Amino acid sequence: MEKSYMSMFLLLVAISCALAKDAGKKETKETKETTAKPKLPQTLSRGWGDQLIWTQTYEEALFRAKHSNKPLMIIHHLDDCPHSQALKKVFAEHKDIQKLAENFILLNLVYETTDKNLSPDGQYVPRILFIDPSLTVRADITGRYSNRLYAYEPSDISLLYSNMQKAMKLLKTEL
């Protein structure tokens, strides 16, 4: 019940924002024709890898991870965060990461979930967590920072790649 209220609230906020933007754009037809570019629809990848298959919700991702016996990789980010944008660019351009990501259930979130397991050391972005098919958050797969265990920067892309490999290896040896 609480989830449906939250979903309705987020939908109302999104609609309100869209209407507010439209109300502020009083352009003439002539101006619109000369400056408007076709806008592509937003995909679930949000630019993190358009050729990859992404899940829409946390619940769907957990279900798919459990039933496909694949690890889940959750990327928490914000559209207007420069650190998130920089990591997204490097992530999307890294061919090996994109290839390895095909073996994961993928979810990127631009909002916080109510599951406290997804913010074990705080709510910061960008943050990447791995969850195995037994639905256990892998607290042993971390980035290089002691105060933000699951944070990655563009310069940490090789560490992220090795952590993805580690998540795959643990899947084969532990489960």
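Note that the structure is a prediction, hence the values are computed from the model and not measured.
Leu159 and Ile128 fall within the same hydrophobic cluster, where Ile, Leu, Val, Met, Phe, Trp and Tyr residues are linked whenever their side-chain heavy atoms come under 4.5 Å apart, directly or through other members. Criterion: ILVMFWY side-chain heavy atoms under 4.5 Å apart, direct or through other members. Under it, Leu78 and Leu106 are not part of a common hydrophobic cluster. Val125 and Leu129 fall into different hydrophobic clusters, defined by Ile, Leu, Val, Met, Phe, Trp and Tyr side-chain heavy atoms under 4.5 Å apart, directly or through other members. Both Leu52 and Leu87 are members of a single hydrophobic cluster when ILVMFWY side chains are connected at heavy-atom separations under 4.5 Å.
Within the model, atoms CG of Leu72 and OG1 of Thr136 stand 11.5 Å from one another, a figure rounded to the nearest 0.5 Å. Atom CD1 in Ile131 sits 8.5 Å away from atom CG in Leu107 (nearest 0.5 Å). Interatomic distance, Asn163 CG to Met168 CE, rounded to the nearest 0.5 Å: 13.5 Å. With values rounded to the nearest 0.5 angstrom, Glu102 atom CD is found 13.0 Å from Ile97 atom CD1. Atom-to-atom distance recorded for Ser155:OG and Arg144:CZ is 4.5 Å, nearest 0.5 angstrom. The distance from atom CG of Leu44 to atom CG of Asn108, rounded to the nearest 0.5 Å, is 7.5 Å.
Applying the 6.0 Å contact sphere to CD of Gln51 captures more than 12 heavy atoms from other residues, nucleotides or ligands. Counting non-hydrogen atoms of other residues, nucleotides and ligands closer than 6.0 Å to CG of Leu135 gives a total above 12. Enclosure of atom NZ in Lys166 by more than 12 non-hydrogen atoms of other residues, nucleotides or ligands within 6.0 angstrom is indicated. In Phe63, the CZ atom is not crowded: 12 or fewer heavy atoms of neighbouring residues, nucleotides or ligands sit closer than 6.0 Å.
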> Can you list the steps and then say if Phe130 with Leu170 is a side-chain contact (heavy atoms from CB on, under 4.5 Å)?
Replying inline: CA-CA 11 Å; Phe130 295 94; Leu170 290 173; over 6 Å; no
> Is there a side-chain contact (heavy atoms from CB on, under 4.5 Å) between Met73 and Leu100 once you walk through the steps?
Replying inline: CA-CA 11 Å; Met73 182 167 74; Leu100 186 56; over 6 Å; no
>> Tyr152 vs Ile75, test: side-chain contact (heavy atoms from CB on, under 4.5 Å). Steps then yes/no.
In response: CA-CA 10 Å; Tyr152 294 88; Ile75 303 170; over 6 Å; no
> Under the side-chain contact (heavy atoms from CB on, under 4.5 Å) criterion, do His77 and Val110 qualify, and how do the steps go?
Replying inline: CA-CA 5 Å; His77 64 99; Val110 291; 3.2 Å; yes
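Considering Lys99, Gln98, His94 as possible partners of Asp96, the one that fulfils the side chain to side chain contact (heavy atoms under 4.5 Å, CB included) test is His94.
Taking both residues in full, the closest heavy atoms of Ala61 and Thr55 are given as CB-OG1, 3.4 Å, listed atom of the first, atom of the second, then distance. Across Gly47 and Ala92, no two heavy atoms sit closer than the pair O-CB, 3.4 Å. A pairwise comparison of heavy atoms in Thr142 and Leu149 identifies CB-O, 3.2 Å as the closest pair. Taking both residues in full, the closest heavy atoms of Pro120 and Leu118 are given as CD-C, 3.4 Å, listed atom of the first, atom of the second, then distance. Summarising the geometry of His76 relative to Tyr111, their closest heavy-atom pair is ND1-O, 4.3 Å, with the distance given to 0.1 Å. Nearest heavy atom pair, residue Lys70 against residue Pro133, reads O-CG, 3.4 Å.
In this structure a side-chain-to-backbone donor-acceptor pair under 3.5 Å is missing from Asp132 to Ala167. Counting only distance, with no hydrogens or angles, the side chain of Lys89 and the backbone of Pro154 share no donor-acceptor pair below 3.5 Å. Put simply, the side chain of Arg148 never gets that close to the backbone of Tyr124: no donor and acceptor are under 3.5 Å apart.
Put simply, the side chain of Ser119 reaches to within 4.5 Å of the side chain of Arg127, judged on heavy atoms. Using a 4.5 Å heavy-atom cutoff, the side chains of Tyr145 and Glu153 are in contact. Contact of the Arg64 side chain with the Glu60 side chain is registered, since non-hydrogen atoms from C-beta on lie closer than 4.5 Å.
Every residue was checked against the ring-ring contact (aromatic ring centres under 6.0 Å, His included) condition with Tyr150, not counting sequence neighbours, and none meets it.
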